[in-house]
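Naming convention: chains lettered A, B, ... in sequence-line order (proteins, then strands); numbering from 1 in each chain. Computed from a predicted model, the values in this text were never measured in an experiment.
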Amino acid sequence: MKSHDLHSWDVTPAQAREIQERLGSRVIRRDMFRSIERVCGVDVGFCGERAVAACVVLSFPDLEILDHSVHSAKVTFPYIPGLLSFREIPSLLPALEALRIAPDLIIADGQGIAHGRGIGLASHLGLLVDTPTIGCAKSRLMGRYTEPGAEKGDWEYLYGDDTVIGAVVRTRRSVKPLFVSIGHGIALHSAVFYVLGCCRKYRITEPVRLAHRLAGGGVI
DNA sequence: GCGACAG
DNA sequence: ATCTTGTCGC
């Protein structure tokens, strides 16, 4: 798949925040797709000074592997809460561009709009590749919530000040919930639906779990 | 000033 | 994220 060149990645933390302020309003919070048949999980692992990005495309709802790609690049930005995009997306774009099968939906390991400026990693990535994305983080960055029920499928809204910014979803019985939020081009309820539809035997989504293993040097 | 803080 | 073994709980 191809991606837009919306800005430079050689920036300072202050410039990165300015870019987020400028792009945040472009994020679309409603469904912008016909049907979802191919879901891609993306993740980035680190080996010293190298970032290893991996993508795995699965069929939906069967979750059969259709395609995958890996790309490593030098790390150029530190981890700063709120600026994860600038550390991981530079290595993720080449990996996504190398895919032979373009996905209908991308699930990222991080926040979507549940972010200080409304544009976390998943939202930022969605804008760049013009594809619906979901933010699926393993922990909270922002927002208040009440603990969801213990059964798989139980969930509660995640609130920021006075508005809904995401959902806290139990993807397996009695395990820590996932923090799901709109990435780009998808509504929150649809995001929760696809995340649950992508979970099998593990807490994390199957596409992201496989991408995580690939990025860590493992086999699919 | 202090605490919180995706990966 | 990453460094790391066994262990407690469902």
Stacking check: are the rings of A:Tyr79 and C:dA1 less than 5.5 Å apart at their centres and under 30 degrees in tilt?
-> no
Is the distance from OP1 or OP2 of B:dA6 to the nearest side-chain N or O of A:Lys138 less than 4.0 Å?
-> no
For A:Glu49 and C:dT2, what is the distance between atoms CD and C1' respectively, to the nearest whole Å?
-> 13 Å
Whole angstrom is fine here: how far is it from CG in A:Leu84 over to C1' in B:dA4?
-> 16 Å
Give A:Ile89 one of three labels, base, sugar-phosphate or nothing, depending on what nucleic acid heavy atoms sit under 4.0 Å from its own.
-> nothing
Can you check the A:His115 NE2 to B:dA6 P distance for me, whole Å?
-> 11 Å
Give one of base, sugar-phosphate or nothing for A:Gly135, where a contact means two heavy atoms less than 4.0 Å apart.
-> nothing
Identify whether any heavy atom of A:His124 sits under 4.0 Å from a base atom; if not, whether one sits that close to sugar-phosphate; answer base, sugar-phosphate or nothing.
-> nothing
Contacts of A:Gly216 and A:Arg173 projected onto DNA chain C by closest heavy atom; the upstream (5') one is A:Gly216
Do the side-chain N or O atoms of A:Ser139 get closer than 4.0 angstrom to the phosphate oxygens (OP1, OP2) of B:dG7?
-> yes
Could you check which of C:dC10, B:dG7, B:dA6 has an atom nearest any side-chain atom of A:Leu121?
-> B:dA6
Which nucleotide in C:dA1, B:dG7, B:dA6 has an atom nearest any side-chain atom of A:Gln111 = B:dA6
Taking atom C1' of B:dA6 as reference, at what distance in whole Å does atom NE2 of A:His212 sit?
-> 14 Å
Side-chain contact test, heavy atoms from C-beta onward, threshold under 4.5 Å: evaluate it for A:Val164 versus A:Leu158 and give yes or no.
-> no
Rounded to the nearest angstrom, tell me the gap between atom CZ in A:Phe179 and atom P in B:dC5.
-> 10 Å
Geometric cation-pi criterion A:Arg144 and A:Tyr157, 6.0 Å radius, 45° cone = no
With distance as the sole test, does A:Asp109 use its side chain to make a donor-acceptor pair with the main-chain N or O of A:Asp43 at under 3.5 Å?
-> no
Whole-Å gap separating C1' (B:dG7) and CZ (A:Arg209) = 19 Å
Integer-rounded Å distance: B:dA4 P and A:Met142 CE | 14 Å
Does B:dC5 have OP1 or OP2 sitting under 4.0 Å from an N or O in the side chain of A:Arg140?
-> yes
Which whole-number value in Å describes the distance from A:Leu178 CG to B:dA6 P?
-> 14 Å
Does one side chain, of A:Arg50 or A:Ser72, offer a donor that lies under 3.5 Å from an acceptor on the other?
-> yes
Is the centre of the A:Tyr202 ring less than 6.0 Å from the centre of the A:His212 ring?
-> no
